[in-house]
Amino acid sequence: MTRSYAAAPFKVKMVEPIRMTTRAERERFIAEAGYNTFLLRSDDVYIDLLTDSGTSAMSDRQWAGMMLGDEAYAGSRNFYHLEDAIQSVYGYRYIVPTHQGRGAEHLISRAAIRPGQYVPGNMYFTTTRLHQELAGGIFVDVIIDEAHDPANLHPFKGNVDLDKLAALVAAQGADNVAYVSLAGTVNMAGGQPVSLANVRQLRAFCDQHGLKLYLDATRLVENALFIQEREEGYAGKPIAAIVREFCDLTDGAWMSGKKDNLVNIGGWLAVNDQELFEELRNWVVVFEGLHTYGGLAGRDMEAMAIGIGESVQDEHVRARVGQVRYLGELLPEWGIPIVQPVGGHAIFLDARAFYPHLPQVEFPAQTLAAELYLDSGIRSMERGIASAGRDPQTGDHYYPKLELTRLTIPRRVYTQAHMDVVAESVKAVYDARQSTRGLRMVYEPKYLRFFQARFERL
Ligand code: P71
């Protein structure tokens, strides 16, 4: 017998009740929310799969750490714990705490991009690209083509296409490239990993052209599990060792601690270059807070320091990704189209294949998120044309190839039975797909529009 699933390496000690609503109530709630799941009240949600960001359950150790917060304005003891944890797990020399990932993205973008420079990356992420653009950068997608095809089974769909990168550098000159922006795993591609072989090639390319390689380490432990499972030579190698090997190939990283690091709030930046560190440490006091708290309370930094240690334990990562995979294996049995292979943090429903009768301008993925909520009170997130926003050059929508609805699994929160309920609800929505109508956008904010946009049924 092969054993596919690792049971969660914890038992439950405290519970938070959740409430079921009626279909009639949900009709009202979603209309009031402008058919945007970001605008629902969480009290009106049954199973909340909006995001895995800041929604993890902390351990008893982390909660105990919260009581040891040193809330001194400067030089908090918890900062030094956090610094130690990052240095020992990720291996970078200099650390700047931030309130969350986008705080770190803001600072690195400001410090490392000159207006007009290109920023190649393995697919955009919403906040990452926006901060790069606000700093005057021009984002260029250099992910492999396979990443844009939901059905393609490439084991490392997050890989950088070195030919695309080389073509950019040849056309624009290395001096006009700010740095290479590498994410492991790639959120918008479906939580897809990057192979260590690819990072090694990337490192060699960057060295050859004098380029820096900065890492979005937000979900790196999940990437490390895929390397352990799929890359030759890494079977049996501990997650912690793979994480370290990955980071050692890069010049620095930014982090949303709200994912891998198992906290409800927190982030950080870490670099090896002292001069860059000094610049970042100067900017952090302008936008986040003093360089020994960066917008966090001492207790938050303590919880994150402990969470970092827990996040690289093999049993934890195996159970976490295993739960995502469990849901991912239920759906295709019913013919439901999802991004394959299943990624680290979420199941991505392929809304184009789900609703082939809806053109992309009628927001198929947004429609699917609304229909899922209506069916069962499950909250998911649009990751398609609404998320992609507009091209600042032309003002037209970006038209992403991937039009996806994300069922994101929080860490250590739901049970396998919840996953079964989710799968059955997706099936009910799939069975009713032919009579489903699309949406039109009636309110559109300028930045990160998907958070606050409002829609009406067509
Ligand atoms: C996610 C989030 C949170 C989010 C962000 C934007 C729109 C909707 C939801 C945040 C990430 C991320 C990656 C790869 C940086 C951030 C920003 N993801 N990189 O997936 O996934 O971190 O939220 O802590 O500011 O729901 P931050």
Side-chain angles (χ1 to χ4, degrees), residues 36-40 42 48-56 96-109 119 121-132 134 139 141 143 147 158 181-194 214-223 252-270 287-288 294-296 300 304 307 324 339 343-348 365-366 369 379-389 400 402 404-411 413 445 447-453:
N36 183 346
T37 53
F38 280 106
L39 301 179
L40 290 165
S42 78
D48 201 347
L49 306 185
L50 183 70
T51 177
D52 63 334
S53 181
T55 54
S56 299
V96 179
T98 61
H99 79 284
Q100 61 182 81
R102 71 198 70 180
E105 289 170 341
H106 175 205
L107 303 182
I108 187 95
S109 302
V119 188
N122 53 346
M123 198 172 272
Y124 86 101
F125 184 70
T126 52
T127 56
T128 316
R129 183 180 66 192
L130 178 61
H131 280 297
Q132 290 164 347
L134 289 173
F139 178 81
D141 188 0
I143 202 166
S181 177
L182 178 71
T185 58
V186 182
N187 192 350
M188 302 300 275
Q192 304 295 335
V194 180
Y214 295 126
L215 172 68
D216 182 339
T218 295
R219 297 186 183 84
L220 189 61
V221 304
E222 294 163 14
N223 200 117
W254 66 89
M255 183 73 185
S256 170
K258 302 173 70 169
K259 283 77 161 177
D260 270 4
N261 291 172
L262 297 164
V263 286
N264 304 122
I265 194 72
W268 47 264
L269 255 176
F287 292 107
E288 302 278 313
L296 297 170
D300 299 327
M304 188 152 60
V324 175
V339 173
H345 67 306
I347 301 303
F348 289 73
Q366 190 80 34
R379 172 153 69 172
S380 57
M381 188 191 288
E382 194 265 5
R383 299 277 72 172
I385 188 171
S387 292
L402 296 175
L404 308 173
T405 304
R406 188 180 75 175
L407 299 163
T408 336
I409 315 302
R411 296 166 191 77
V413 171
Y447 300 112
L448 303 174
R449 63 183 185 181
F450 53 90
F451 283 129
Q452 291 142 346

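In each ligand, atom 1 is the first atom listed, and ligand 1 is the first ligand listed.
- In terms of polar-atom proximity, D52 is not counted as a contact of ligand 1, lacking any N or O under 3.5 Å from an N or O of the ligand.
- Backbone and side-chain nitrogen or oxygen atoms of W254 are examined, and none is located within less than 3.5 angstrom of a nitrogen or oxygen of ligand 1.
- Each of the following atoms of ligand 1 lies closer than 4.0 Å to a heavy atom of T126: 6 (C), 7 (C).
- For atom 15 (C) of ligand 1, the nearest non-hydrogen atom from the set M188, H345, M255, E105 belongs to E105.
- The shortest N or O to N or O distance between T127 and ligand 1 is not below 3.5 Å.
- Counting heavy atoms from C-beta on, the side chains of Q192 and T185 never come closer than 4.5 Å.
- Where the criterion is an N or O separation shorter than 3.5 Å, residue side chain and backbone included, G101 meets it with respect to ligand 1.
- Residue contacts with ligand 1 for K258 involve side-chain atoms from C-beta outward but no N, CA, C or O (heavy atoms, distance under 4.0 Å).
- Heavy-atom contacts from other residues, nucleotides or ligands closer than 6.0 Å to CZ of F287 number more than 12.
- Distance check, rounded to the nearest 0.5 Å: CZ of R411 to CG of N261 gives 9.0 Å.
- To the nearest 0.5 Å, atoms CZ (R379) and CG (L407) are separated by 13.0 Å.
- Ranking protein heavy atoms by distance to atom 24 (O) of ligand 1, first place goes to S256 OG, 2.7 Å.
- Counting only non-hydrogen atoms, the option in D216, T55, T51, I265 that gets closest to atom 13 (C) of ligand 1 is D216.
- Heavy-atom contacts of F450 reach the following atoms of ligand 1: 7 (C), 8 (C) (cutoff under 4.0 Å).
- Closest protein heavy atom to atom 23 (O) of ligand 1: R102 NH2, 3.0 Å.
- Considering backbone and side-chain atoms together, N187 places an N or O closer than 3.5 Å to an N or O of ligand 1.
- At the top of the distance list for atom 11 (C) of ligand 1, counting protein heavy atoms only, stands F125 CE2, 3.2 Å.
- When only interatomic distances are considered, the shortest N/O to N/O separation between R383 and ligand 1 does not fall below 3.5 Å.
- W254 pairs in a side-chain contact (heavy atoms from CB on, under 4.5 Å) with only one of the listed residues (V96, T128, L215), which is T128.
- Around atom 20 (O) of ligand 1, the closest heavy atom drawn from R406, K259, M381 belongs to R406.
- Contacts between F451 and ligand 1, counted as non-hydrogen atom pairs separated by less than 4.0 Å, involve the side chain only.
- The distance from atom OG of S181 to atom CZ of R129, rounded to the nearest 0.5 Å, is 11.5 Å.
- I409 has its side chain within reach of L49: a pair of non-hydrogen atoms, C-beta onward, lies under 4.5 Å apart.
- For atom 27 (P) of ligand 1, the nearest protein heavy atom (residue, atom name, distance) is Q100 NE2, 3.2 Å.
- No side-chain donor-acceptor contact under 3.5 Å links N187 and R383.
- Remark: S380 OG to I347 CD1 distance equals 12.5 Å, nearest 0.5 Å.
- The aromatic rings of H106 and H131 sit parallel to each other, their planes meeting at less than 30°, with 60° as the upper class boundary.
- Residues H99 and D300 have side chains not in contact (no heavy-atom distance under 4.5 Å, counting atoms from C-beta outward).
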